[in-house]
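For reference, the structure discussed in these notes is given below.
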Amino acid sequence: MKPMVRKVVLPLIAFVAIVSIWEMVVRVKWISSFILPEPSAILNSLIEDREELWGALKTTTFSVGVSFVLSLALGISSAIILFTSETVLFAFYPYTIFFQTVPIIAIAPLLVIWFGYGIPAVVASGFIVSVFPVVASTLTGLLSADPNLKDLFKLYRASRWQSLVKLYLPSSLPFIMNGLRICGGLAVIGAIVGEFLGGVGVGSIIDVARAQQRIDKVFAAVLLASLLGLLLIKTIDLVSYLLLRNWHPSEAKDL
Amino acid sequence: MSLLGLSVEAKDLTKEFDSLAPLRSVSFKVNPGEFVALLGPSGCGKSTLLKMIAGLREPTRGKISVGEDGITSADKRVSYVFQDAYLLPWRKVLGNVTLPLELLGASKVEAEYKARKALERVGLIDFESYYPADLSGGMKMRVSLARSLVTEPNLLLLDEPFAALDEVTRLKLDQDLRDLWVESQMTVLFVTHSISEAAFLTDRIFMLSKKISGIRYEIENPLPKSRSMETRSDSRFGQLTQDLFSKFQELES
Ligand SMILES: Nc1ncnc2c1ncn2[C@@H]1O[C@H](COP(=O)(O)OP(=O)(O)OP(=O)(O)O)[C@@H](O)[C@H]1O
Ligand SMILES: [Mg+2]
């Protein structure tokens, strides 16, 4: 089968088929449109509520972006600090695992109390859920540098800084990129959860539309949030490809 | 001026791991500028010994001295070639060869100049902008060799460097290494479990034994200094390999 057929035509046919069946099922009232709106209604909402949705999407994109960048910067630097000092590592590592298990939905109200309604609470929510995967994967990467290469650096009396920059960080790059993929997905989830309570962005639209029984608008907002997540992850994929294609099997040129 | 090769002296060297001691009370001396093979069966402690000489592992007891007294550590230029190439996959060939000089604080210009010279010596100058992933096994090993030569070492330690290569490539690299050594004044210690490789390459052969956890024989190589393909059909080469072979069997039995 030609790649074009496999990658574009078949998924497209499947999409049209599913959407048509869905539309039909709702039109003939097998399922009530209060439970599942027909695709045309969602499209309609996307068009009619476009100004409100677009404004909300911009707000959410901003919050997700800030959470992601904070997670990237603070996640990688805390992993480096944990890695550099065994004392710090043993003292704090157990808690980084513990914090990963805290359900964000449960602490979101607290964030609103601490940061008030609005973007800061949303950013905090996105950051808290997305930072730990970056810490964990960076640390795993740093710890898995090849022992023979470590010997090589020792032989030439490399300083700690040289080893970090020329050996440990490049070795952990594939791990960091994996961490960032997870981070990107979670930053969107965290931000939307924060917005449910924070009263801004796409999450807030979902919350309000649900209360008004505007299921079509809920779906339109959910669709936009998913596309945002998809866009973020695809961007990370692209960066990962550019950084790793020449040397790491995960991004090998000719598969 | 390039420094003379470093001497290596071990006194009562012992290395113990939890349950076994692959090296027990080992003593030997390698003279400056010598080419010595460490020949022995798998697991007899050859790699362990080489890493201790490089200062990468500490002996349990005993002492290793590299270079005569009074040589500063900055003048001890030791290089190590591993069994696999162990290149940095994210750096191109040139970047891999400049690495040791960068770590030792050389300028970029100087490092690249010397790296290109080293690549020329191993015949890979046209491949400087390749990534390791795009090289064959033999080419990677040559890059690894260039990386070890770039610092102009006065002690070169090689741990079965060509063991993973095909026979033809290996003979070629053996020849190149011997020629490199003849041109230079460095001391070379070469770990191998190949009898013919030890006989072809070196001036002296230390045979290690598992049973006594140390060096059982020190054998002088009677072959002339310069070696070539003809060396392998020299009758002295035949005698030496036979002698080594019977000693090997004796140690193994
Ligand atoms: N870090 C370690 N901890 C425990 N045992 C070790 C360690 N390193 C090596 N050994 C043991 O010491 C013995 C000698 O190991 P070494 O790698 O020096 O052998 P070798 O002569 O290089 O063998 P080969 O030819 O297979 O490379 C082996 O039995 C090995 O299992
Ligand atoms: Mg070994």
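Every chain is numbered from 1, with letters handed out A, B, ... down the list of sequences.
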Sort out for me which of Pro100(B), Pro132(B), Gly105(B) touches chain A most, counting heavy-atom pairs under 4.5 Å. Pro100(B)
Contacting region of [X] [heavy-atom separation from chain B under 4.5 Å]:
| X | result |
| --- | --- |
| Ser163(A) | neither |
| Lys150(A) | neither |
| Asp151(A) | both |
| Leu244(A) | neither |
| Leu167(A) | both |
| Leu155(A) | both |

Which region of [X], side chain (C-beta onward) or backbone (N, CA, C, O), has a non-hydrogen atom less than 4.5 Å from a non-hydrogen atom of chain A, or is it both or neither?
| X | answer |
| --- | --- |
| Phe82(B) | side chain |
| Ser79(B) | both |
| Lys92(B) | neither |
| Leu99(B) | side chain |
| Arg91(B) | side chain |

List the steps, then state whether ring-ring contact (aromatic ring centres under 6.0 Å, His included) holds for Phe98(A) with Tyr95(A). CA-CA 5 Å; Phe98(A) 170 72; Tyr95(A) 301 105; 7.4 Å; no
On a heavy-atom basis, which atom in [X] and which in [Y] lie closest, and how many Å separate them?
| X | Y | value |
| --- | --- | --- |
| Phe68(A) | Cys183(A) | CD1-SG, 3.6 Å |
| Pro32(B) | Ser7(B) | CD-CB, 3.9 Å |
| Gly33(B) | Trp181(B) | O-CZ2, 3.0 Å |

With under 30° as parallel and over 60° as perpendicular, where do the rings of Tyr130(B) and Phe127(B) fit, or are they tilted in between? perpendicular
Any idea how Phe162(B) and Phe190(B) line up, ring-wise: parallel (<30°), tilted (30 to 60°), or perpendicular (>60°)? tilted
Of His248(A), Glu251(A), Arg245(A), which meets side-chain hydrogen bond (donor to acceptor under 3.5 Å, both in side chains) against Ser240(A)? Glu251(A)
Scan side-chain atoms only and decide if Thr192(B) and Glu160(B) contain a donor-acceptor pair under the 3.5 Å cut-off. no
